[in-house]
**Student:** 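I have a structure here, written as structure tokens, and I will follow up with some questions on it.
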Amino acid sequence: MSYPTCIDMLTTIEATLREKVEPAVDEIAARSALATIYHVLHYIRIAIGAEGQILCDEIAALRMILPRLRDDLARHGTDGRDLALSIGGGLEAPLRDQHAYPSLPELAGEAHLLGNLFHDALEKLIGQEVGRVEEADYAALREECRGHIRSTLVARSRIVDAAYANHDPRR
Amino acid sequence: MSSFTPEVLNAYLRERLGTGVRLIGLERYGRGSSRETWVAQLREGTGTRKIVLRRDPPAGAMIPTPLRNEYLLYDGLGQTDVPIAKAMWWEDGGPWADRPFYLREHVEGHWRVEGLENEGAEADVLRIEISKQHIAALARVHAVDWRALRFDELLPAPLGRNEAAAVNIDAIVARYQRARIDPVPIVLEAAAWLKARAPVASRISLCKGTNGLGEEVFRDGRLVALSDWEEASIGDPAADFAFMQNMAPRIVRDGHTLWSLQHALDYYATLTGTVIERESVRFYGWVRALWMATFSQTAAAGLHRDPQGSEIRQAWTATEINHLAQRILATAMGWLPPLPQSLFEATHRSIEQN
């Protein structure tokens, strides 16, 4: 079934709530919930279209930076070696069928797992700042991490900014 | 109220307050989203009164601080000159409910102030008066002897003014790490960045945390109670000026600045003798973004684990508020340009203001 799409149906849900349900609701808590529902429905409509590519890009970027973090952790200090091994395992593990079209939950799961490894590696790296602040390699890797975080935030802005561009009451 | 039905609540209140009491009305307060707030109307003899019941939603609170801490703050502050609803008692749940709750007295009033949003010079006078009342109430909060009330057993307390910011930031990051369901690495970067440029606190005070329109109770143009203590902390009082929600408005009329954040800080200094620098307020605005990122994670985690039992506002918090918090931190660190102020103002608007 091609049509109607999920986005079509979400639009219909919102219109039905506005035109048929909201006029019948007096209680303030219920009307407030409807106000929030409209925004969340809009978010979902935007996310359905954009989130898949954003997650694919995020996963690709993590797969590029994580090997460098793994190698740096393995070289500096004994407490980073376990995490370096975890990163190696995470990068090598087959997380999904590479020949099948990925679902959003599958992509989210992979981005989540790799993102957690990045998060934990960054935490270790920040903890090393006092002893390594003069190292060029350390500074470059920190800057690369910042660049990754910034790019991820900009990418996700494409969903959130569009979804909440309407300044109607949020609740 | 799921398992705590009006019938059960009625029986409970009669047990606690006596058989002369009868529950005649029960309404959920719609404005707040972090915890459940219910207002119960009781008939006692020939009169009526209201009490407030507070508890976490079934999926857990959006605020990652214990409900019992909130109750103990109300209980302790009820012994001071801070305008606040008096705490009544705490219940672990026991035979009456499936989760803990507490009760407090109801203070008659409203979060809105009539005429405050009007145009014109008369409304300017009102806005300045309300701002001064709010600052005076905060001055009382900051003067509270938190050690005598043992609030340092509830909240992390810095040993000195130099470490106020670091203790605050570390406490937030610790809550973030416990609460998080998704990695938010900018929290780690921002925490390190903030600690590296932390101001020295002017004093160590109990701070309310969430302030301003929507958080306090007004009646007949007077502030009668400070409400919403979920984000209370012990530290730099500048933190309270960082999140005031229109309680320190910039008012310009005929080319003259009648009121502003600096005016508010100057007024505070006349009341307390404590000077708070605007740069410190700006700093704690960034620290609050760390807190926003943290409670966004609590919201997200609760919704992911129990979507059926979650509130729709958790979905909004986990998306827009989560993202805005990160954008604030990115802007603070010079990574991204600032978002328009109108976007942040929109997040505070409710249907009651329409």
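Each chain gets a letter, A, B and so on, in the order its sequence line appears, and its residues count up from 1. All values reported here derive from a predicted model rather than from experimental measurement.
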**Student:** So which residue, A:Arg156, A:His148, A:Arg146, ends up with the most heavy-atom pairs under 4.5 Å with chain B?
**Tutor:** A:Arg146
**Student:** If you tally heavy-atom pairs under 4.5 Å against chain A, which of B:Ser342, B:Ala315, B:Ala330, B:Ala191 wins?
**Tutor:** B:Ser342
**Student:** With respect to chain A, which residue among B:Ile181, B:Ile312, B:Leu336, B:Asn322 yields the maximal number of heavy-atom pairs within a distance under 4.5 Å?
**Tutor:** B:Ile312
**Student:** What part of B:Gln177 is in contact with chain A, defined as an atom under 4.5 angstrom from a non-hydrogen atom: side chain, backbone, both or neither?
**Tutor:** side chain
**Student:** Roughly how far, to the nearest 0.5 Å, is NZ of A:Lys124 from CG of B:Leu188?
**Tutor:** 11.5 Å
**Student:** Would you say B:Arg180 and A:Asn116 are linked by a side-chain donor-acceptor pair, where the criterion is simply a distance under 3.5 Å?
**Tutor:** yes
**Student:** Just wondering, more than 12 heavy atoms not from A:Glu129 lying within 6.0 Å of its CD?
**Tutor:** yes
**Student:** Heavy atoms only: give me the nearest A:His112-B:Pro183 pair and the separation to one decimal.
**Tutor:** ND1-CD, 3.9 Å
**Student:** Could you give the distance from CE (B:Met333) to CZ (A:Arg150), rounded to the nearest 0.5 Å?
**Tutor:** 9.5 Å
**Student:** First locate atom SG of A:Cys145, then atom CD1 of B:Ile186, and finally report the distance between them rounded to the nearest 0.5 Å.
**Tutor:** 13.0 Å
**Student:** Can you tell me how far apart OG1 (B:Thr319) and NE2 (A:His42) are? Round to the nearest 0.5 Å.
**Tutor:** 12.0 Å
**Student:** I'd like to know whether A:Tyr164 forms a side chain to side chain contact (heavy atoms under 4.5 Å, CB included) with B:Trp316, so could you lay out the CA-CA distance, the side-chain angles of the two residues, the decisive distance to 0.1 Å, and finally the verdict.
**Tutor:** CA-CA 10 Å; A:Tyr164 291 100; B:Trp316 165 59; 3.5 Å; yes
**Student:** Given that the side chain runs from C-beta out, which part of B:Val184 has a heavy atom under 4.5 Å from chain A: side chain, backbone, both or neither?
**Tutor:** backbone
**Student:** Does any heavy atom of chain A fall under 4.5 Å from the side chain of B:Leu343, the backbone, both, or neither of them?
**Tutor:** both
**Student:** Does atom CD (A:Glu134) have a neighbourhood of more than 12 heavy atoms from anything else shown, all under 6.0 Å?
**Tutor:** no
**Student:** So which of A:Ile126, A:Leu34, A:Val154 has the biggest tally of heavy-atom pairs under 4.5 Å with chain B?
**Tutor:** A:Ile126
**Student:** Does B:His304 have more than 12 heavy atoms from other residues, nucleotides or ligands lying within 6.0 Å of its NE2?
**Tutor:** no
**Student:** Does CD in A:Glu143 sit with more than 12 non-hydrogen atoms of other residues, nucleotides or ligands closer than 6.0 Å?
**Tutor:** yes
**Student:** Just checking B:Arg197: does its CZ atom have more than 12 heavy atoms from other residues, nucleotides or ligands closer to it than 6.0 angstrom?
**Tutor:** yes
**Student:** When rounded to the nearest 0.5 angstrom, what distance separates CD1 in A:Ile28 from CD1 in B:Ile351?
**Tutor:** 4.0 Å
**Student:** Are A:Arg142 and B:Glu189 close enough for a salt bridge, meaning some N to O gap below 4.0 Å?
**Tutor:** yes
**Student:** Using non-hydrogen atoms and a 4.5 Å limit, figure out which bit of A:Ile37 sits close to chain B: side chain, backbone, both or neither.
**Tutor:** both
**Student:** Specify the closest pair of heavy atoms between A:Leu153 and B:Arg327, including all atoms of both residues, with the distance to one decimal.
**Tutor:** CG-CD, 4.0 Å
**Student:** Is it the backbone or the side chain of A:Thr152 that comes under 4.5 Å from a heavy atom of chain B, or both, or neither?
**Tutor:** neither
**Student:** Could you check if a side-chain atom of A:Ser32 sits within less than 4.5 angstrom of a side-chain atom of B:Arg313, using non-hydrogen atoms only?
**Tutor:** yes
**Student:** Report yes if some heavy atom in the side chain of A:His39 is under 4.5 Å from a heavy atom in the side chain of B:Glu320; otherwise report no.
**Tutor:** no
**Student:** Can you tell me if CE on A:Met64 sees more than 12 non-hydrogen neighbours from other groups inside 6.0 Å?
**Tutor:** no
**Student:** Quick one: pull up CG in A:Asp161 and NE2 in B:His323 and give me the separation to the nearest 0.5 Å.
**Tutor:** 5.0 Å
